[in-house]
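Have a look at the structure below, then the notes.
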Amino acid sequence: MPSLRAARRPSLLGAALTTAGLLFALSGSALAVPVEAANSGATAARHGSSPAGSVALPLAGPAPGHSEAEGVVEGTEARTVVDIPADVTAGVAVFDRVTGRFTESFQPDRAFRSASVVKLLLALDFLWSRGPDHEMPQADRDRLEAMLSRSDDAAANHYWSAGGGSAVVSRMVPRLGLTGTAPPPAGYPGYWGYTATTAADTVRVYRYLLDAAPTPVRDLVMGALHRSERCAADGFDQGFGLPSAFDGPRAVKQGWSGFASGGCTPSGPPAATPGHVAGAGPRTSIQADGVEGAGSRRRFASDASPPGGASATAVDLTSDALHTTGTVGPDDRTVVAVLTLHPDGTPYGTAYSKVTALTSSLDVPGAVRPSGTRFTTWGNGVRVRASATTSSAALTTLPAGVDVLVGCQRQGGQVSVPPYVNDWWAYLPQYGGWITNIYITSSGNTLPGVPRCS
């Protein structure tokens, strides 16, 4: 990954910006760059002038090198009937960067609370205002990597606070031409996870990163997303949706809010409103996890009346939120945004499985679908083992009741969970480990239709 600044030599960021004619002004008023993008709300940007400090994103159309007549400019061929699981509210947008067309579009402009998906904006806002000679401290490199690959909330709190809280969102809305994104409601200025966003805007953010961002910025952010880890910093298993539905290459940024135990650890406290610069209530000092804690009474100017984008007050802050976003395929071919809400109190494993099923049903050009058979598990804290015996190392634990992909099965160490006794084990390729068949919902000791491991 190109460094943003090499000590005692010209900055790679500066070189990239100078070469491309994209200079980050300290005020963040640069980057009016025409690029192809999925921006159904950017007609003015395409046919007129862009506001200062914004990126002119044209409507969805053919890939570079094709005439506009060869493509459907509005992407109207997108499938608008998506297989939404019961009790799930969803907004979906899937954009193929090769053809310049949407393949899926279902309620793409419906507003959801962003949860950790807003961390994309936090990273871009921080990088946007750095000039060509900015020397990137290693602490920021590590913090950005943690925030994007492990969804670290403490890192997000840092950038939210340093960037002026809701002002981060207020700046990024006009810069990227976002039409459904807005800061948190006025009563929740520190809850970065309460930022409103849409599937369409999430696609716009990725397309800016891929098609318009300076190369060092793109490499830093997308590189971290390509290194997304299954176990997030807060112990939640973030392998739902894109990571479970498709094999690599892929880049992933997930979001979750409102759930209790999320796998990787057997149990734990509720996911305290990820996106809360921690603490009890609004208008307090910023600490951990995206909310504000007890202490300060400060209020940022942008909190009271968002300068554009969606009305944050219309966003559901009660239902449990689970979002999977990113890119799939060689060269980040397809951008996918699946934003979902689930009834309050939905088990994490249930929502995890429903989001994965929804994502698997989508038309995603360039995707490689994994082989195997999915089964539902039961039990809390089910361990994934390094080999087919309880004496082997525990690699991780599963979210309770989650669906898993089984590649093959074999006999191993006998396990007794009264009244059940079984010596058959299932190999989970997406976890790289084994679980006893006892915890898989199926009749009999072996799993039907699953081959023996060679």
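Throughout, residue positions are numbered sequentially from 1 according to the sequence presented. Atoms considered below: every heavy atom in the structure, side chains included; atoms not considered: hydrogens, waters and symmetry mates. Being a predicted model, the structure only gives us computed values, none of them experimental.
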Assess the side chains of R250 and S228: does a donor N or O sit below 3.5 Å from an acceptor N or O?
no
side-chain hydrogen bond (donor to acceptor under 3.5 Å, both in side chains), that's the test. Do R374 and S353 meet it? Break it down for me.
CA-CA 10 Å; R374 293 196 184 273; S353 300; over 6 Å; no
Where S257 and A115 come nearest, the two heavy atoms and their spacing:
CB-CB, 4.1 Å
So W128 and L176, do their side chains get closer than 4.5 Å, heavy atoms only?
yes
Between F236 and F259, does the ring centre distance come in under 6.0 Å?
no
Would you give the length of the straight line joining atom CZ of F95 to atom CZ of R101, rounded to the nearest 0.5 angstrom?
10.0 Å
If you measure from CG on L358 to OG1 on T324, what distance do you get to the nearest 0.5 Å?
10.0 Å
Apply side chain to side chain contact (heavy atoms under 4.5 Å, CB included) to the pair W192 and V168, showing each step before the final yes or no.
CA-CA 10 Å; W192 42 258; V168 170; over 6 Å; no
Please report the interatomic distance CG(L341) to CG(D316), rounded to the nearest 0.5 Å.
5.0 Å
With a 3.5 Å distance limit and no angle check, can you tell me whether S161 reaches the backbone of N157 through a side-chain donor-acceptor pair?
no
Distance, nearest 0.5 Å, that separates NZ of K253 from CE of M147:
8.5 Å
Excluding sequence neighbours, so at least two apart, what forms salt bridge (charged side-chain N to carboxylate O under 4.0 Å, His left out) with R218?
none
T340 side chain to L322 main-chain N or O, any donor-acceptor pair under 3.5 Å?
yes
Rounded to the nearest 0.5 Å, how far does OG of S360 lie from CG of D83?
10.5 Å
May I have the step-by-step check of side-chain hydrogen bond (donor to acceptor under 3.5 Å, both in side chains) for S319 and D344, ending in yes or no?
CA-CA 5 Å; S319 300; D344 187 24; over 6 Å; no
CD1 on I435 to OH on Y427, rounded to 0.5 Å:
12.5 Å
Looking at Q238, Q430, Q254, which hits side-chain contact (heavy atoms from CB on, under 4.5 Å) with P243?
Q254
Test log, rule salt bridge (charged side-chain N to carboxylate O under 4.0 Å, His left out), inputs R143 and D152:
CA-CA 8 Å; R143 196 177 285 120; D152 186 78; over 6 Å; no
At their closest point, which heavy atom of G239 faces which heavy atom of R230, and how far apart are they?
CA-NH1, 3.7 Å
Applied to residues 353-366, the salt bridge (charged side-chain N to carboxylate O under 4.0 Å, His left out) test, sequence neighbours excluded, yields none
For a quick check under 3.5 Å, do T396 and Y431 share a side-chain donor-acceptor pair by atom type?
no
What class does the angle between the rings of Y188 and Y191 fall in, given that below 30° is parallel, 30 to 60° is tilted and above 60° is perpendicular?
perpendicular
Applying side chain to side chain contact (heavy atoms under 4.5 Å, CB included), run through T359 and L242 and close with a yes or a no.
CA-CA 7 Å; T359 307; L242 292 177; 3.8 Å; yes
Using side chain to side chain contact (heavy atoms under 4.5 Å, CB included), reason through R130 and V217 one step at a time and then give a plain yes or no.
CA-CA 11 Å; R130 279 15 186 205; V217 173; over 6 Å; no
Looking only at heavy atoms, which two atoms of V315 and F112 are closest? And how far apart?
CG1-C, 3.5 Å
Pairs flagged by salt bridge (charged side-chain N to carboxylate O under 4.0 Å, His left out) wherever residues 319-342 is involved - sequence neighbours left out:
D96-R333
Applying side chain to side chain contact (heavy atoms under 4.5 Å, CB included), run through V118 and T181 and close with a yes or a no.
CA-CA 10 Å; V118 76; T181 298; over 6 Å; no
